[in-house]
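Following: one structure in structure tokens, then a few remarks.
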Amino acid sequence: MPTGEMNTDFEVRSLDTICNNASTIDAPWYYNIKYLFIGVIFGIILVKTEVISWFRIQEMFRLQSFHMYGVIGSAVVVGMAGVWLIKKFKLKTFAGEPVDFSKKKFNRGQVYGGLLFGFGWALTGACPGPMFALVGDGFAVFLVVILAAVTGTWVYGLLRNKLPH
Amino acid sequence: MHVIDWLRQPWPWYISGPLIGLMVPALLLMGNKHFGISSSLRHICAACLPAKIPFFQYDWKKELWNLFFVAGIFLGGVVVVYYLADPSAVQVNPALTAELKQYGITDYTHVNPVELFSWSSLGSLKGIIIMLGGGFLVGFGTRYAGGCTSGHSIMGLSTLQLPSLIATICFMAGGFIMANLILPFILRL
């Protein structure tokens with residue numbers, strides 16, 4: 001089976017599918033600068049609330065602090081409310097396009113991959129966002145961790161057809 | 001107290017959690033973008049070393065926004081260092097302090113223990129397992145699962161996707177197993 005027929009990716013929604021509602025507006029590259037700004041805000045939040053801290057992650061996995069549960073839980077509640085409002089009032093994007101939500105299917109990768117991700121999360125104390133924030137915060141050695149993560153992603157791409165999904 | 005001084009303190013969860021949640025509708029309205037970070041790792045593979053692997057054969061330039069987003073996250077860290085740095089030590093649960101002391105981790109002046117995360121510790125087995133092994137597992141696992149904490153746990157749960165709930169439960173299960181059952185042996189190395 002060609003890999004292109006099955007999109008297992010939640011973040012890259014349209015790459016493997018032929019029919020999609022992705023933006024058809026061809027914007028010049030500098031339109032992306034707004035995502036740089038929102039990234040800066042997100043990075044500041046991650047650092048200031050210590051989500052990037054290995055100590056906080058260890059506390060979370062030992063049930064020694066409510067902090068991380070509070071962060072993730074309240075983020076989900078606000079995210080849900082935002083999505084609900086967009087659907088309820090059929091809000092359009094700033095470019096005037098309808099907001100696109102695609103339903104995703106379950107596959108076993110979410111279990112196997114999820115467990116492996118959890119192992120890595122507890123070891124490094126960082127999921128991908130915090131890795132980038134940590135480099136900015138002065139832990140340059142996290143460039144090596146990011147490189148290891150890119151290697152992991154690459155090896156997944158290489159072995160994808162042989163792995164159970 | 002001056003506003004900047006107030007911002008310098010660690011932010012409580014009930015301020016930052018909702019702000020992180022706002023990223024979801026903000027990115028959707030800004031240009032139909034789905035909040036997610038680990039896909040940037042895939043785009044880096046597609047851009048730098050696609051090696052004829054089908055999973056990396058796509059027009060990564062169309063997903064350029066995601067690379068701008070992670071570049072911004074890096075810059076956010078830099079902004080904190082220059083303008084919002086907090087000189088006080090990280091406050092952690094005394095039970096964790098006591099446990100980590102057994103493994104020689106006593107420095108709380110940075111967000112991460114410098115005993116583990118430094119260039120010199122890349123020369124030790126412990127450092128290699130934690131940084132290289134851990135990094136590899138994050139990159140491999142997130143793509144296998146189809147998303148990370150942002151893509152599944154925040155974006156996926158916000159849009160009420162059952163697979164994202166399953167993935168999030170597995171992230172947590174994996175973390176609990178590693179932190180409580182396996183990591184103590186690694187930290188003793």
Side-chain angles (χ1 to χ4, degrees), chain A residues 3 8-12 15 32 35-36 39-40 43-45 47-49 53-55 61 64 67 70-71 74-76 78-80 82-83 99-100 104 106 109-111 113-124 127-129 132-133 136-137 145 148-150 152-154 156-157 160, chain B residues 11 13 16-21 24-25 28 32 36-39 41 44-45 53-55 58 65 68-70 72-78 80 92-93 111-112 130-132 134-149 151 157-158 163 166-167 170-171 174-175 178-179:
Chain A
T3 41
T8 56
D9 213 307
F10 274 62
E11 296 185 3
V12 186
L15 298 178
N32 287 314
Y35 301 111
L36 185 87
V40 170
I44 293 173
I45 299 168
V47 178
K48 285 318 298 179
T49 202
S53 171
W54 185 87
F55 297 117
F61 288 136
Q64 291 169 337
H67 184 76
V71 170
S74 58
V76 171
V78 171
M80 271 179 193
V83 168
V99 176
D100 163 49
K104 298 293 160 105
F106 171 74
Q110 284 134 25
V111 175
L115 288 170
L116 293 174
F117 176 87
F119 293 160
W121 190 12
L123 279 170
T124 60
C127 40
F132 292 98
D137 196 46
V145 182
V150 171
T153 298
W154 192 86
Y156 168 72
R160 189 167 183 261
Chain B
W11 299 0
W13 63 265
S16 34
L19 287 175
I20 292 172
V24 171
L28 284 170
N32 249 333
I37 293 161
S38 64
S39 40
L41 305 171
I44 294 169
C45 290
I53 295 169
F55 193 60
Y58 60 89
W65 79 273
F68 274 80
F69 189 54
V70 296
I73 295 173
F74 159 78
L75 287 175
V78 176
V80 171
V92 302
N93 189 306
V111 287
N112 275 10
I130 289 177
M131 287 188 273
L132 296 183
F136 184 93
L137 285 171
V138 167
F140 187 93
T142 188
R143 224 44 306 112
Y144 197 175
C148 62
T149 10
L157 290 184
S158 293
I166 294 166
C170 292
F171 293 164
M178 175 57 73

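Note that this is a predicted model, so its numbers are computed, not measured.
Atom CD1 of residue A:Ile44 and atom CD1 of residue B:Ile73 lie 11.5 Å apart, to the nearest 0.5 angstrom. With values rounded to the nearest 0.5 angstrom, B:Trp65 atom CH2 is found 7.0 Å from A:Tyr35 atom OH. Rounding to the nearest 0.5 Å places OH of B:Tyr144 at 8.0 Å from CG of A:Leu116. Rounding to the nearest 0.5 Å gives a distance of 12.0 Å between CZ of A:Phe132 and CG of B:Leu75.
Checked against ring-ring contact (aromatic ring centres under 6.0 Å, His included), A:Phe119 has no partners two or more places apart in sequence or in another chain.
Among all heavy-atom pairs drawn from B:Ser158 and A:Val76, the shortest one is OG-O, 3.7 Å. Residues A:Ala148 and B:Leu132 come closest through the heavy atom pair CB-O, 3.5 Å. Scanning all heavy atoms of the two residues, the minimum distance from B:Gly175 to A:Ala122 falls at O-CB, 3.6 Å. The minimum heavy-atom distance linking A:Thr153 with B:Gly139 is given by the pair OG1-O, 3.0 Å.
Annotation: side chain of B:Ile53 is in contact with side chain of A:Trp154 (closest heavy-atom distance under 4.5 Å). Contact check for B:Asn112 versus A:Phe55: no side-chain heavy atoms found under the 4.5 Å cut-off. A 4.5 Å side-chain heavy-atom check between B:Val138 and A:Leu123 finds every atom pair outside the cut-off. For the pair A:Ile45 and B:Trp11, the minimum side-chain heavy-atom distance is below 4.5 Å. Using a 4.5 Å heavy-atom threshold, the side chains of B:Val80 and A:Lys48 count as touching.
Here the two rings, on B:Phe171 and A:Phe117, have centers that are under 6.0 Å apart.
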Test B:Thr149 against A:Trp121 for side chain to side chain contact (heavy atoms under 4.5 Å, CB included), laying out the working first. CA-CA 10 Å; B:Thr149 10; A:Trp121 190 12; 3.4 Å; yes
Evaluate the side chain to side chain contact (heavy atoms under 4.5 Å, CB included) criterion for residues B:Leu28 and A:Val83: first the C-alpha distance (whole Å), next the side-chain angles of each, then the deciding distance (0.1 Å), finally the verdict. CA-CA 9 Å; B:Leu28 284 170; A:Val83 168; 4.3 Å; yes
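At distances below 3.5 Å, at least one donor-acceptor pair connects side-chain atoms of B:Asn32 with backbone N or O atoms of A:Asp100.
Per-residue counts of heavy-atom pairs under 4.5 Å with chain A were compared for B:Cys170, B:Pro25, B:Gly141; the largest is that of B:Cys170. Interface summary for chain B: among A:Leu115, A:Val150, A:Val111, the most heavy-atom pairs under 4.5 angstrom belong to A:Leu115. Among the candidates B:Val78, B:Ile44, B:Leu137, B:Leu19, the residue making the largest number of heavy-atom pairs closer than 4.5 Å to chain A is B:Leu137. Most heavy-atom pairs under 4.5 Å with chain A, from the set B:Cys45, B:Pro163, B:Ser16: that is B:Pro163. Counting heavy-atom pairs under 4.5 Å between each of A:Gly152, A:Gly82, A:Gly157 and chain B puts A:Gly152 at the top.
Using cut-offs of 30° and 60° on the angle between ring planes, the pair B:Phe55 and A:Tyr156 is perpendicular.
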